[in-house]
Engineer: 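This is the structure I want to talk about, given as structure tokens.
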Amino acid sequence: ATSPFWTVRGAFAEELTRTPAQTEGPFYPNKLPLDTDNDLLVINDGITPAVGDITHLTGKVLDAKGNPLKNAVVEIWQCDAKGVYLHTGDSAGKKEQQDKNFQGFGRFVTGTTGEYYFRTIKPVPYPGRTPHIHFKIKQGKKELLTTQLYVKGEAGNEKDGIWKGVRNEKQRAAITVDFEKVKGSKTGELAANFVIILGVTPAE
Ligand SMILES: O=C(O)c1ccc(O)c(O)c1
């Protein structure tokens with residue numbers, strides 16, 4: 001289920017690299033935040049934004065044939081800039097260091113182009129883990145994929161058991177993306193793009 005596969009569209013045979021599934025990890029929020037929108041930097045109408053490197057995270061969800069998937073629910077979650085997840089199993093002993101302004105979890109429902117957008121922070125290391133953002137893709141109640149996104153060039157990637165566990169090099173490259181400075185941004189905002197290619201073609 002992890003090998004590359006081929007699809008034929010028009011006159012072109014195109015190799016698509018399926019996004020590998022990875023562990024959900026222990027900290028999918030056990031209690032969802034009141035605000036679950038796609039801006040993780042501000043909770044509801046809060047005035048103080050989260051701490052961290054502002055990142056514009058874009059991408060799209062494609063089915064196994066390479067066609068955009070609409071009505072896909074893209075969920076992300078990650079620890080805050082101090083390394084605290086929105087899960088009581090993690091945050092209970094870390095109340096002092098927790099960033100109360102970080103939403104920690106967000107959702108985006110794709111339209112016909114399959115595209116998604118989040119405003120969040122560049123992920124930071126968590127004890128034992130290289131920086132990463134967790135993703136879960138659903139359609140209705142059906143879970144289609146659970147995976148993780150990594151930062152290209154992070155020295156910690158090579159020591160991360162979960163990252164290293166993705167044995168296929170193309171698949172590993174596909175989940176390890178550039179966090180590039182947005183041209184002209186005076187505040188050093190970053191942009192990252194992550195295309196998600198599912199192993200399935202859900203029925204309409
Ligand atoms: O195995 C762990 O400890 C662990 C911690 C944090 C994560 O985000 C994760 O995916 C795994």
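As the structure is a computational prediction, the values presented were derived from the model and not from experiment. Atoms within a ligand are numbered from 1 in the order they appear, just like the ligands themselves.
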Engineer: Give the C-alpha distance, both sets of side-chain angles, the deciding distance and a yes or no for side chain to side chain donor-acceptor pair (under 3.5 Å) between N30 and T88.
Structural biologist: CA-CA 7 Å; N30 58 343; T88 49; 2.5 Å; yes

Engineer: Among F105, Y28, Y126, F102, exactly one meets ring pair (Phe, Tyr, Trp, His ring centres under 6.0 Å) together with Y85. Which residue is that?
Structural biologist: Y126

Engineer: Please identify each residue that fulfils ring pair (Phe, Tyr, Trp, His ring centres under 6.0 Å) with H87, with sequence neighbours left out.
Structural biologist: F27

Engineer: Would you confirm whether D63, through its side chain, and L69, through its main-chain N or O, come within 3.5 Å as a donor-acceptor pair?
Structural biologist: no

Engineer: Would you say the side chains of T120 and Q78 form a donor-acceptor pair under 3.5 Å?
Structural biologist: yes

Engineer: Spell out, as yes or no, whether a donor-acceptor pair under 3.5 Å connects the side chain of K100 to the backbone of K95.
Structural biologist: yes

Engineer: Are any protein N/O atoms closer than 3.5 Å to the N/O atoms of ligand 1? If there are, list each pair with names and the distance to one decimal place.
Structural biologist:
residue  : atom   : partner : partner atom : Å
ligand 1 : 8 (O)  : Y85     : OH           : 2.6
ligand 1 : 8 (O)  : H132    : NE2          : 2.7
ligand 1 : 8 (O)  : H134    : NE2          : 2.7
ligand 1 : 10 (O) : R129    : NH1          : 2.7

